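To start, the structure under review is shown below, and the notes come after it.
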Amino acid sequence: MLLLFVMGDKEDSNIQAMRHSLAHILATAITKLWPEVKLGVGPAVENGFYYDIDLGEKKLSDADLKVITDEMRKVINANQPFEQYDLSIEEAIKWAQENKQTYKTELLNDLKRAGTTVAKDLDTEELGTITDSNSAVDSVSFYKNGDFIDLCRGPHVESTGKAGAFKLMRISGAYWRGNEKNAQMQRIYGVGFETKEQLNKHLEMLEQAKKRDHRKLGQELDLFLFSDLVGSGLPMFTPRGTVLRDELTGFSNQLRQSHGFQKVWIPHVTKTELYKVSGHWDKFGSELFLAESQETSDKLALKPMNCPHHNQIFAFQQRSYRDMPVKYLETTTVYRDEKSGELGGLSRVRSFTQDDSHVYCRPDQIEQELNHLLLDADELYKTVNMELRVRLSYRDESNDYLGTKQLWETAQKQLKNAVVKSELEYFEQDGEAAFYGPKIDFMATDAIGREHQLATIQLDFVQPERFGLEYTGEDGKKHRPVMIHCALLGSVERFLGVYIEHTAGKFPVWLAPEQIRILTVNQEKVTVDVATNLQEKAREYGLRVEVDNTNESVGKKIRSSELMKVPYVVVIGEKEISSGKVLPRIRKDIEVQESLEPVSVEGFLKTVANEAKSRVQKTSLMSSKHKI
RNA sequence: GCCACCUUAGCUCAGUUGGUUAGAGCGACUGUUUUGUAAACAGUAGGUCGUCGGUUCGAAUCCGACAGGUGGCUCCA
C-alpha cells in the first residue's frame, strides 16, 4: 500500500493541506448545525474534498448546501487556529466513545488491532484521516479548532482562514467503507482551490465539459436516441450516428484483417448451458437477459459476451499446429442487464457493441500475436488523435488465479516483451490481472485531459480448458491453445461517448456524417441544377453530401451548417456557375491556411475524397474567407 | 439495487404562496421575399404539464406508486 498522498512539490502539499482543512471545516459546520451527527471519513480528493456523515433520519437536500456553506464561512471568517496533538490509541477510542462517534470508534479499533488488517479491507486513499502502516498503531493525530475536535492525520493549514476558496457541489449517498452491505451515509462533495481565481477556472472547466457532453451533442447533432418504449440503457442510432459507428468499426476491422483476422457471425440468443460451461453463469448469471422458448423447453439468454460462441466455431474442426493461430473477428452487440442506477448516456448501457476478436494460438505465438494487436491499437488511437498508455496487469502471489504459475510467468513475460517492442508508454501493476489471465489495459486521454479505459487485450488460459479446445502438435499429441481476447474500440457505444466529447462533435472528414454541404444562393433552376449536379459527382467519389436549397438567406444556411459542424461548405451562386470553380468554407479546426484562390470542382472533390480515405485530421485544402 | 435531485410543445426554457382559456424563443408548416458566408418578414399549427392514483370546491403546483433522466455509492466478464 502507498502513502496517503505522495508529496510532490510544496504547492501540492499546500493544496492538500487546504483540502484536508476544508473537509475539517465542513465537519465543524455540520456538527454545529446537527450536533448529533456521526462522522465517517473526510479526505482530500482530486480538486476538492468530501465528508461522509450519518444524520440518521435527516436527509440533506441541495438547499442544505447553502446553509452548510454559510456555516463554513463563519468558521473560516473566525480564522480559528488549528491545534494538532496526538493521543494514544486507547485515549482516542475513549474520546470517540464518549462523543458517540461510532464510525470513528470502529476505525480506531481496527487501527489498534493491526495496520495490515485495516489496509486490507479499507481503501486508505479514501480514508484520509487514518495513517497507513503495516503494524498496529499506538498513537493517532487530532486537530482542534474552536471547540470542534476531529480525528485527523492532517496536514492542515495554520488556521481556518487559510483554507482557500471552496464550493460545495453536491450531496450523494455512499456506503460506509465502500461496502454495499454497510449502512449508507450521506457524502457532501466540495471543490477547493488556493485562490478564488483557480476555483472559478475549475468551475468554468466544468461548464466547458458540460458543453461537450455527448448526450447533449448526440441530441444536437442528431446522432443517437433513447426511447421510453424501448427501455432504459438501450440506445438507437440515427443515420448520422450510424455513419460514425460504421466508419469506426470498419477501420478497427480493417486493421485486424490486415493481420489475418477473419470475420465470423454468431446469433444473439443461446441456451444458458453455454455459460454454465464457460463459467460465466455462476459469476454473472444475475446480469443475463433471460428468454424462454415457447416451442421447446430451452432456457435461453441474450449473449453477454462472444467468446463462448467463438469457441464453438474453433472447436467445429480438428486443428493442427500448422493451422495456428486461428483468428476470429466480429463486430456484434451484447446484452447485459445492468442495475438501473448504473446506466448513463452511452457510457454505460444494456446493449452495446464490441469490435471483438479472439486469437487461438500456441503458447510460443503469444508474443507475435500481441505485437500485431498492439500495432493496431496504436494506429487506431493515433488516427483518432488520442494519447495512449498501457497498463500491464499481472497476477499477485495469491491463489486467486487459474492456470500454472509457469504458464503465467511466460505469458507475462511475452506480454511485456510485446509492449516494450511496441514503444507504447506503459506501467506494470500486480494484482490487476483477470482470474483467467494477465491483460493489457489501454488508457486513452481525451482533449480535456480525462483518461478513459477503452481497448483491452486479455490472455485467457481458462476458457480453452473449460471448453476442451485443442490442436494436434508436431508430436502428434493434443495441446491446449491460448486465447487472446481483444477489442480495440472496446464498446462502440462507450467509445463514441468518449470520442464525441473528445472532438466536441467536430469529427474529422473521414468520420463526419455529412462531409460536404452545398448551399444555393437562390432557388432558381440553374442554381439548384448545378448544386444537385455537384452532389451527384461528389457521391461518385463516395462522399457524404447534402444540398441545402431551402428558401432562406445564405447567412442562415451557413449558420445551420456551422451548428451541425459540417467540415466543408460550398456555396453555389452566379460566380460558381460561370467559373466552374468553388471556394470551400472549411471548418476552423481542420483548416491549415487560407487563400482566396478558387479551386476546380474536380480538384476539390478529389482532395476531400483522399482525405477521407487516408483519415487525416487536417486538410490540405486552402479555404477562403469569402469576401466577395 | 441504494441515496439525493429532476421530468411543462420537436428542442431550450418561463409559469408568483394551489385559483379562470398554461407562455416565450428556436424548429415545423403557409405566404411574402430570391437571398453571397453565423439568424429576412408575417401568419398558422403544435401541450390530458412523464404515467397512474390520492388530498382539495379547485392540482402543472401538495402527497404516494411507477417509468424515464441527472449526480454519486456499489458493480462492470
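Note that these values count all heavy atoms, side chains included, but never hydrogens, waters or copies made by symmetry. As the structure is a computational prediction, the values presented were derived from the model and not from experiment. In what follows, every chain begins at residue 1, and chains take the letters A, B, ... in the order their sequences are listed.
Side-chain to base pairing of A:Gln219 with B:rG10: no donor and acceptor N or O lie closer than 3.5 Å to each other. A donor-acceptor contact under 3.5 Å links the side chain of A:Glu287 to the base of B:rA77. Donor-acceptor pairing under 3.5 Å, judged by distance alone, is present between the side chain of A:Tyr175 and the base of B:rG1. Evaluation of atom-type donor-acceptor distances gives no pair under 3.5 Å for the side chain of A:Glu562 against the base of B:rU37. Checked by distance alone, A:Arg336 brings no side-chain donor or acceptor within 3.5 Å of a matching partner on the base of B:rC76.
Listed nucleotides B:rG27, B:rA4, B:rC76 differ in distance to A:Lys59; the shortest reach to its side chain belongs to B:rA4. Across B:rU74, B:rG27, B:rA77, the shortest atom-to-atom separation from the side chain of A:Lys556 is found for B:rG27. When distances run from any side-chain atom of A:Arg187 to the nucleotides B:rU37, B:rA40, B:rC73, the shortest one goes to B:rC73. Here B:rG1 is the nucleotide among B:rG1, B:rG36, B:rG72 with the atom lying nearest to any side-chain atom of A:Glu180. Nearest nucleotide to the side chain of A:Ser232, out of B:rG36, B:rG72, B:rG68: B:rG68.
The gap from the P atom of B:rA60 to that of B:rU20 amounts to 10 Å, rounded to the nearest Å. For the P atoms, the distance linking B:rG64 with B:rU12 amounts to 27 Å, nearest Å. Taking atom P in both B:rA42 and B:rG58, one finds a spacing of 44 Å when rounded to whole Å. Using atom P as the reference point in both B:rU56 and B:rA9, the two lie 30 Å apart (nearest Å). Between B:rU17 and B:rU70, the distance separating the two C1' atoms is 29 Å to the nearest Å. Using atom P as the reference point in both B:rU16 and B:rG23, the two lie 14 Å apart (nearest Å). Comparing B:rC63 with B:rG71, their C1' atoms are spaced 25 Å from each other, to the whole Å. Comparing the P positions of B:rC6 and B:rC62 gives a spacing of 10 Å, expressed to the nearest Å.
Stacking of A:Arg19 on the aromatic ring of A:Phe49 is not recorded, the 6.0 Å distance cut-off and the 45° axial limit not both being met.
Ring planes of A:His358 and A:Tyr360: tilted class, angle from 30 to 60°. A:His485 and A:Tyr436 have tilted rings, their planes meeting at an angle from 30° to 60° on a 0 to 90° scale. Ring-plane geometry between A:Trp408 and A:Phe461 is classed as perpendicular, the angle between the planes exceeding 60 degrees on a 0 to 90 degree scale with a lower cut at 30.
Here the C1' atom of nucleotide B:rC11 and the CG atom of A:Leu563 are 13 Å apart, to the nearest Å. Regarding A:His452, its NE2 atom lies at a distance of 17 Å from the C1' atom of B:rC76, rounded to whole Å. Per the geometry, CG belonging to A:Asp52 stands 16 Å off P belonging to B:rC3, to the nearest Å. In this structure, the CD1 atom of A:Ile558 is 6 Å from the P atom of B:rA38, given to the nearest Å. Regarding A:His280, its NE2 atom lies at a distance of 19 Å from the P atom of B:rC75, rounded to whole Å. The separation between A:Ile53 atom CD1 and B:rA4 atom P is 13 Å, rounded to whole Å. Look at CG on A:Leu221: it is 17 Å from P on B:rG27, rounded to the nearest Å. Computed from coordinates, the A:Leu459 CG to B:rA77 P distance equals 16 Å when rounded to whole Å.
Contact check of residues 517-524 of chain A against RNA chain B (heavy atom, cut-off under 4.0 Å) returns A:Val521, A:Asn522, A:Gln523, A:Glu524.
Considering only side-chain N and O atoms, A:Arg215 lies under 4.0 angstrom from the phosphate OP1 or OP2 of B:rG71. Between A:Ser172 and B:rC3 there is no side-chain polar atom (N or O) within less than 4.0 angstrom of OP1 or OP2. At B:rU37, none of the side-chain N or O atoms of A:Lys575 fall inside 4.0 Å of OP1 or OP2 (strictly under the cut-off).
Between A:Arg348 and A:Gly233, it is A:Gly233 whose nearest contact on RNA chain B lies nearer the 5' terminus. Positionally, the nearest nucleotide of RNA chain B for A:Asn179 lies more toward the 5' end than for the other of A:Asn179 and A:Ala434.
Counting non-hydrogen atoms under 4.0 angstrom, A:Phe226 reaches nothing in the nucleic acid. At a threshold of 4.0 angstrom between heavy atoms, the contacts of A:Glu220 with the nucleic acid are absent. A:Ser340 comes within 4.0 angstrom of a base, heavy atoms only. A:Gly490 comes within 4.0 angstrom of nothing in the nucleic acid, heavy atoms only. When heavy atoms are screened at a 4.0 angstrom cut-off, A:Gly555 is found touching the sugar-phosphate backbone but no base atom. Among the protein residues, A:Gly345 comes within range of the sugar-phosphate backbone only, with heavy atoms under 4.0 Å from sugar or phosphate atoms but none that close to a base. Across all strands, A:Lys283 comes closer than 4.0 Å to no nucleic acid atom at all (heavy-atom distances). As judged by a 4.0 angstrom heavy-atom cut-off over every strand, A:Lys181 is placed among residues making no nucleic acid contact.
Tested against A:Thr332, the residues A:Gln354, A:His268, A:His309 include a single side-chain hydrogen bond (donor to acceptor under 3.5 Å, both in side chains) partner, A:His268.
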(request) Quick one: the dot-bracket string of RNA chain B, using Watson-Crick and G-U wobble pairs with both distances under 3.5 Å, [ ] for crossing pairs and | for bases paired to another strand. (result) (((((((..((((.....[...)))).(((((.......))))).....(((((..]....))))))))))))....
(request) For salt bridge (Lys or Arg N to Asp or Glu O under 4.0 Å), just list the numbers for A:Lys211 and A:Glu207, CA-CA rounded to whole Å, side-chain angles, deciding distance to a tenth of an Å, and then say yes or no. (result) CA-CA 6 Å; A:Lys211 270 188 198 150; A:Glu207 281 301 306; over 6 Å; no
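Salt bridge present: A:Arg348 and A:Glu338 bring a charged side-chain N and a carboxylate O closer than 4.0 Å. Of the charged side-chain nitrogens involved, none lies within less than 4.0 Å of a carboxylate oxygen, so that A:Lys58 and A:Glu36 do not count as a salt-bridged pair. Between A:Arg450 and A:Glu501 there is a salt bridge, since at least one side-chain N of the basic residue sits less than 4.0 Å from a carboxylate O of the acidic one. The pair A:Arg240-A:Glu546 does not meet the salt-bridge criterion, since no charged nitrogen lies less than 4.0 angstrom from a carboxylate oxygen. A salt bridge is defined here as a Lys NZ or Arg NE, NH1 or NH2 lying under 4.0 Å from an Asp or Glu carboxylate O, and A:Asp430 with A:Arg395 fails to meet this definition. Using a cutoff of 4.0 Å between basic side-chain nitrogens and carboxylate oxygens, A:Glu562 and A:Arg587 are not scored as salt-bridged.
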(request) Sugar-phosphate atoms are those with a prime plus P, OP1 and OP2; base atoms are the rest. Using that split, label each nucleotide of nucleotides 45-50 of chain B B, S or - for protein heavy atoms under 4.0 Å, 5' to 3'. (result) ------
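Taking the ring centroids of A:Phe604 and A:Tyr568, they lie under the 6.0 Å cut-off.
A donor and an acceptor atom, one from each side chain of A:Thr520 and A:Lys557, are located under 3.5 Å apart.
With values rounded to the nearest 0.5 angstrom, A:Lys506 atom NZ is found 7.5 Å from A:Arg212 atom CZ.
Looking at A:Met169 and A:Leu203, their side chains come closer than 4.5 Å, going by heavy atoms from C-beta outward.
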